[in-house]
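Note sheet for the following structure.
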Amino acid sequence: MPGMLCKTANLTHLMKFIPVFLFVVLCVPARAQVTFTSVNTAFLDSQSNLFGVTWIDADNDNDLDVCVSGFMGAPPVWVNKTELFLNDGTGIFSPSGQISSNHKNPMRHGWADIDNDDDPDLYLAATWNQNDINQLWINNGGSFTLNQSAGATPNTSQPYEGTVSWADYNNDGWVDLFLPRWNNLKNRLFKNNGNGTFAEVTAGQLVNDLAWTSGGFWCDFDNDRDQDIFIVNYQIGPTNPGTNDLYRNDGNGVFTRMTGAGPIVSAPERGRSANWVDVNNDGRPDLFVCNQDGQDLMHINQGNGTFVTVPVGDANHTSWSSNWGDYDNDGDQDMIAIGTWNTEGRFWQNDGQGNLTDVSDSYPGIFQLMNGGTICNGIAWTDANLDGWLDLHITQPDLAPDYFFLNDGKPCGSWLEIKCIGIESNHSAIGTTLRAKAVINGTPVWQMRQVSAQTAATANNPMWQHFGFGDAAFVDSLLVEWPSGKTCVFTQVPVRQVLSISENCTASVIKSLNNFSTSYREIVSCLPLDSLQLSASLPAGGVWTADCGNCVTQSGWLKTSTLAAGSYLAVYQQGTGCDGSIDSFRVILNNPPVVSVTAPDTLNYKESATLVAAGASAYYWEPSAGLSCSDCASVELTTDSSAFFVVTGTDANGCTDTVHVSIYMYPEPVVEMPNAFTPNNDGSNDEFKPAYKRNIFVDYKLIVYSRWGETVFDSYDIGEGWDGMHNGYPATSDVYPYTFDYELVDGKKGRIVGQVTLIR
């Protein structure tokens, strides 16, 4: 679906509503490693088998709550331990008691706003072949009601599922549900009817192939604003291992299996889970796949429907689940993969280019629980206390304790968290793509996120999107691309804030930790330009930086002679740490217009002409004498002498170009008649006709008579003369009278009467 630019905004306008919404936090982060502290909190459990964990703003109060699903006890005695824990806004959690499920084993769950009433609803999936009926819980804004609808709804027997995968696959504004299934069963897709019911989709390979499917993961991998899906298969029929499937959404409810995508669909693996992530910051979603008894694989999106596969970690390993987040706020996403069945988990740090380094040994507090092969399952990155640093939540499906690690962060750092609210698109904003550009360590870096309700196998990160920006002063550009086709564009977005952005391109601040004082100015100039002095309002002693490298001097001169047309950001900073001041300058350099003028090179005496200028939006002709207009694109010229004009064109940016126009005016035409001619074919004076220069005649009539008044020659063809012949024979030498009537191009008419002597 093509994008439509909806709105462009500079977020500084929010300052008049929220005083603390300031421009910047800029500090040079220390090289010290980010650390985590294990904390005890109400949602941790050491007595239950907790599989699923999801972080969601369930009560719509602009903080993140947490839901866990699992059971206590052993068959046939089961106790459902699914619970929603509400955040009081300070990071203190309490059980809500609002979900009273009778599921025997609710292994997985997922959240989405199925009725577009702006609060998320909960879907619990039955597992382990207990033949329970799945449950759809409707959020009433303070309480939950179990949807008891019969007929074509997802409230149906769904044994041994993988993920609960919500997405609006047909872009009708209502989230739909995909349920992968184990045990060589068909996967199921339910279309949201928009009235609280669902219709099962039964046509197509997506829902008719038999497999042991571990999960379905939606993502717009080809950036065409509809949701494609990757199917992780443990095995196909009796064949173990099995190949995975990637289905491209064709935008009309039809899915095409991408058989030529490479090892992403052709390599047989015992797939357990997957994550979509832009690992190398190239704007395209890549895919990481966890495998059992094999090697984890990173599939790098090439942007043409194919992927290049890179192995990650040990060759014989079991990873049960993984999840991604920029835990160190350096502008790229890092990953933890959880090992199970006597294999260890791994903490992978990204260098921004997609190269992963194992830093597990740097975090013994976290990896103590993963060494030796515990069966960790759910893993989620979340900012539980909204301090801008991602915390880590890990559940274990045995009687071992669950863990929550609070990210200690750094004294300062740049980050942004965004809650998207759909209006024309589904209200959960699932499928929305966010792109952000900021200058990190002197280099402009673009990052991309997609809103997803399924970021891991049994755990989901918040649908709020987290960006880290390292030492960036602010976010230069923020694009929000909605499934509806609309795009919101924001510039100069302050960092260290939690924002809410709606599809109508309005933004509000949920929380701000900014304490920088800032100013911002925009300067528009035209090339060519040698240099430009940027005058900071702050005192001397600060540091100049720019996103064009060394193009700015420490005295504030921007070396524009080295720059092409474009937009450049220069920042003057005073102070260090998390407090200080910044003057920022957005310099927009525009190429001048290329003006052209269509005009004749020459004109006859008193001949008029139309002169037309093009290439700009406004024009000025100088001098204006003889012209019908001095500031028109098209002018009429009437003059009796040669003319010289200077035409200045100005474009919409105020840039100019000058063109010089010269028009030579021939002098007043002179017509002369010879008094004799000699038609002897010697190439000289062989015809009798008027003598003139240039094409000056509009009308022409030459008649020659004998001395007795007989017409011996006449012509109306301009330039045709008498060659001395009469009735097919040479006329005799004699004196012949003539008349010549004419009209010139300047409108002058005349008649010449005389005699010419023919000499033989």
Side-chain angles (χ1 to χ4, degrees), residues 43-45 48-56 66-72 80-85 99 101 103-112 122-130 132 134-135 158-166 177-182 212-218 230-234 270-276 288-292 296 318-325 335-341 345 369-370 374-382 392-398 400-404 452-463:
F43 52 76
L44 300 181
D45 192 332
S48 303
N49 293 274
L50 295 184
F51 294 87
V53 52
T54 299
W55 285 80
I56 188 80
V66 60
C67 181
V68 294
S69 58
F71 66 92
M72 175 184 284
N80 192 306
K81 296 294 290 185
T82 299
E83 182 59 272
L84 170 64
F85 294 85
I99 307 297
S101 172
H103 261 327
K104 295 178 181 178
N105 182 6
M107 187 174 181
R108 289 156 171 108
H109 66 269
W111 292 81
L122 172 65
Y123 188 77
L124 287 176
T127 51
W128 280 12
N129 288 330
Q130 297 305 311
D132 268 351
N134 291 346
Q135 294 180 343
Q158 292 287 116
Y160 223 171
E161 288 162 352
T163 54
V164 174
S165 303
W166 290 102
L177 180 62
F178 179 79
L179 296 176
R181 297 203 294 174
W182 197 257
W212 300 62
T213 299
S214 300
F217 299 88
W218 296 97
F230 180 73
I231 306 300
V232 180
N233 294 318
Y234 180 82
R270 297 177 179 88
R272 281 298 183 180
S273 66
N275 324 107
W276 288 101
F288 179 76
V289 179
C290 291
N291 292 306
Q292 178 179 323
D296 296 340
T318 292
S319 292
W320 190 269
S321 186
S322 58
N323 220 331
W324 294 76
M335 184 261 291
I336 287 183
I338 297 178
T340 189
W341 295 344
L369 74 144
M370 298 189 197
T374 61
I375 51 173
C376 304
N377 200 334
I379 176 171
W381 292 103
T382 183
L392 181 62
H393 187 181
I394 297 175
T395 63
Q396 299 195 88
D398 57 12
D402 302 324
Y403 287 87
F404 184 74
S452 174
Q454 191 65 50
T455 62
T458 62
N460 299 332
N461 293 345
M463 284 189 265

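Scope of the values below: all heavy atoms of this structure, side chains included, with no hydrogens, waters or symmetry mates. Position 1 is the first residue of the sequence; numbering continues from there. Source: prediction; values computed, not measured.
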Practice task
Report the C-alpha distance between N233 and W212 in whole Å, list the side-chain angles of each, state the deciding distance to 0.1 Å, and finish with yes or no for side-chain contact (heavy atoms from CB on, under 4.5 Å).
Solution key: CA-CA 6 Å; N233 294 318; W212 300 62; over 6 Å; no
Practice task
Begin from the C-alpha positions of N291 and R270 and carry the test side-chain contact (heavy atoms from CB on, under 4.5 Å) through to its verdict.
Solution key: CA-CA 5 Å; N291 292 306; R270 297 177 179 88; 5.6 Å; no
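- With rounding to the nearest 0.5 angstrom, the NE2 atom of H393 is 7.5 Å from the CG atom of L50.
- A 4.5 Å side-chain heavy-atom check between L392 and I336 finds at least one atom pair inside the cut-off.
- Contact check for L84 versus W111: side-chain heavy atoms found under the 4.5 Å cut-off.
- The structure places OG of S322 at 5.0 Å from CZ of F288, a figure rounded to the nearest 0.5 Å.
- With rounding to the nearest 0.5 angstrom, the CG atom of N461 is 10.5 Å from the CD atom of Q454.
- Residue W324 holds its CH2 atom at 11.5 Å from CD1 of I379, rounded to the nearest 0.5 Å.
- When the options T318, V232, D296 are evaluated for a side chain to side chain contact (heavy atoms under 4.5 Å, CB included) with C290, the one that passes is D296.
- Taking OG from S319 and CD1 from I338, the interatomic distance works out to 9.0 Å, rounded to the nearest 0.5 Å.
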Exercise for the section: Test W320 against F51 for ring-ring contact (aromatic ring centres under 6.0 Å, His included), laying out the working first. Expected result: CA-CA 12 Å; W320 190 269; F51 294 87; 8.6 Å; no
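- Under the 6.0 Å cut-off for aromatic ring centres, W166 and F178 do not qualify, their centroids lying 6.0 Å or more apart.
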Practice task
Using the side-chain contact (heavy atoms from CB on, under 4.5 Å) rule, take L179 and Y123 through it: C-alpha gap first, then chi angles, then the decisive distance, then the call.
Solution key: CA-CA 11 Å; L179 296 176; Y123 188 77; 3.4 Å; yes
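- When side chains are defined from C-beta on, V53 counts as touching V66, because their heavy atoms get closer than 4.5 Å.
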Problem - Trace of the side-chain contact (heavy atoms from CB on, under 4.5 Å) decision for I231 with F217 - result: CA-CA 7 Å; I231 306 300; F217 299 88; over 6 Å; no
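- Note on ring orientation: taking the six-membered ring where Trp is involved, the planes of W182 and Y234 are tilted (angle from 30° to 60°).
- Here T395 contributes atom OG1 and L44 contributes atom CG; the two are 10.0 Å apart, rounded to the nearest 0.5 Å.
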